[in-house]
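Have a look at the structure below before the remarks.
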Amino acid sequence: MKLAALFLCVSLIARNTLYSPALLDIPRAIALLLVAFFGIYGLLTSRSVLRLGRYWAQFGYIVSVLISIIGAVEVGYVAFQAISISVVILFSISYYERSAPENINSSLFTATFWCYVAILFISLLLLIVSPSLVYETLYGGELRFRGILPKSGMIGASAGVLIGIGCFHKLPLLMRLLAFGVGFPCLIITQSRTFMVAFLVAVVVTVFIYYRKLRKLIYIGLFLLVSMVVSINSLDINVRSVSIEKFMRIETISNLTGRVSIWENAFEAFKKNPWLGVGITAGAAALNKDQSSIMLNDKDDLNVGRNIGSTTMHNGYIQSLLDVGVVGTFFYCAIVLQAIAKLYLNDSYRNLSLEFFILIFLSISNLAENVIYAVTVYNSVLFMMVATFSASKNYVTNKARASLLMSNSKISIPT
């Protein structure tokens, strides 16, 4: 099962790249078939059905996305997406129910590390050699760095995850430096406020909870930030400059780069089919003809058959309302909140800082980009797997296991 998880990771990331040949759909399809087999087999041979009750949010979401096929505009495409995300979740449940707790996610994170290092390194290299290949043009004519991934948001999310692995995963110093060396430049060049803020919040929260000795650094940083803001206001210092405004894209803050109008239209469309939605990843089809024609014309190097799925609401939670309605969104949000809460409460020995960082980073990023979205995007799969891991409670640490053995046995364990 571990090999199937690694194969899924590599095949999805490889197919996510902008210039990948369609031939890479074959290994991705094989990976999905493998996880479907292991997922269903694992559930059918589960030792205790009662233990599966802890995954009530996951099972509820699976039912919701499958029901969304009924009212879908593109039934075939939505059916593929719904079945794919369902089998990935089922596989995750089986994987964490059957795997040994020690270092359960280590190989998955290591594979993610090397895949993202390769993608971000090539993206930075092409930025120097041929910049036209690594920029996308948005609706208003704004240029955004996307590297060799289809969207700038995808490379922003990937850079944030990679830096998080460099910070919180057990890696040699050279590998950490490699993660920072390619991750930070890509995160900055994307000019994505969403991922910058999400990354900073995730790091601060993770450090505050998992590394108590470093809390003073957080306090010092907050003190310096507040002092700087107060000084600027009290001294009436003008810090405006063309370069700063351009980098932070000040002119787009008022409407969040057009997201506000998209969300307003999305809520109007949501009222037409509020309970079950129009099919997972097909939310754009719920907009009226004028709105959807403008949005759906932006194919952005994706093939026509997947055009509806490639058009998003730039907010995974609003997207969920359109895709699977109120019922599905309830389970969708339950997965997110349950994952964060359970990991915080059950990780008694605070050994899972990277898992916690990933949950916080991607759930916040999902407020302004579709990060937790579909099985075709690896970061969505990564989040679902970590969220399922959190619900599994199958992460007893070595220290906790030793304590448990000591309490249940007369044989003492030397320390």
Side-chain angles (χ1 to χ4, degrees), residues 10 12-24 112-166 177-200 240-253 255-259 294-304 306-307 310-312 314 361 365 368-371 373 376-379:
V10 175
L12 285 178
I13 293 177
R15 191 62 183 99
N16 283 166
T17 56
L18 181 62
Y19 304 106
S20 61
L23 190 63
L24 288 181
T112 302
F113 169 88
W114 286 115
C115 288
Y116 279 165
V117 164
I119 285 177
L120 300 188
F121 177 78
I122 294 173
S123 297
L124 291 175
L125 185 62
L126 287 177
L127 178 64
I128 300 173
V129 177
S130 182
S132 61
L133 294 177
V134 292
Y135 277 90
E136 66 171 329
T137 304
L138 301 184
Y139 309 121
E142 181 184 6
L143 289 177
R144 294 287 299 280
F145 176 72
R146 66 179 176 186
I148 60 172
L149 296 176
K151 296 286 185 181
S152 58
M154 291 176 67
I155 199 165
S158 302
V161 169
L162 178 62
I163 302 170
I165 295 176
L177 294 177
L178 184 59
F180 302 151
V182 298
F184 277 116
C186 284
L187 185 61
I188 293 172
I189 296 172
T190 58
Q191 298 178 271
S192 175
R193 297 181 297 262
T194 299
F195 295 106
M196 291 179 187
V197 171
F199 174 78
L200 289 175
R240 293 169 60 88
S241 70
V242 175
S243 59
I244 294 177
E245 290 183 1
K246 183 178 180 180
F247 175 76
M248 294 304 297
R249 297 158 46 232
I250 301 297
E251 73 281 357
T252 66
I253 290 180
N255 67 349
L256 296 178
T257 322
R259 288 183 178 88
I294 295 174
M295 298 178 68
L296 297 179
N297 281 336
D298 178 30
K299 297 180 178 57
D300 191 43
D301 300 316
L302 298 173
N303 63 53
V304 178
R306 295 183 296 172
N307 196 34
S310 68
T311 305
T312 70
H314 297 282
F361 172 67
S365 302
E369 285 290 349
N370 288 60
V371 179
Y373 179 44
T376 51
V377 179
Y378 175 67
N379 287 320

Using the ring of each side chain (for Trp, its six-membered ring), is Phe184 parallel, tilted or perpendicular to Phe199, with breaks at 30° and 60°? perpendicular
Atom CD1 in Ile163, atom CG in Leu187: separation rounded to 0.5 Å? 5.0 Å
Side chain Ser123, main chain Ile119, donor-acceptor under 3.5 Å: yes
Pro150 and Leu18 have their tightest heavy-atom pair at CA-CD1, 3.9 Å
Could you give the distance from CG (Leu162) to SG (Cys115), rounded to the nearest 0.5 Å? 10.5 Å
May I have the step-by-step check of side chain to side chain contact (heavy atoms under 4.5 Å, CB included) for Ile155 and Ile189, ending in yes or no? CA-CA 10 Å; Ile155 199 165; Ile189 296 172; over 6 Å; no
Is there side-chain contact between Arg144 and Ser192, with heavy atoms separated by less than 4.5 Å? yes
Of the non-hydrogen atoms in Phe361 and Gly156, which two are nearest, and what is the gap between them? CZ-O, 4.2 Å
Just verifying a value: how many Å separate Leu126 CG and Leu133 CG, rounded to the nearest 0.5 Å? 6.0 Å
To the closest 0.5 Å, what do you measure between CE (Met196) and CD1 (Ile188)? 6.0 Å
4.5 Å side-chain heavy-atom contact, Trp114 and Leu178: yes
Decide yes or no on side chain to side chain donor-acceptor pair (under 3.5 Å) for Tyr378 and Ser158, but give the supporting numbers first. CA-CA 9 Å; Tyr378 175 67; Ser158 302; over 6 Å; no
For the residue pair Ala179 and Gly166, what are the closest heavy atoms and their distance? CB-CA, 4.0 Å
How far does CG of Leu12 sit from CG of Asn379, to the nearest 0.5 angstrom? 10.5 Å
Using every non-hydrogen atom in the two residues, find where Thr194 and Ser365 come nearest and quote the distance to one decimal. CG2-O, 3.6 Å
Spacing of Arg146 atom CZ and Tyr135 atom OH [to the nearest 0.5 Å]: 12.0 Å
Can you find a heavy atom in the side chain of Phe195 that is under 4.5 Å from one in the side chain of Val371? yes
Could you tell me whether the side chain of Thr190 and the main chain of Phe145 form a donor-acceptor pair under 3.5 Å? no
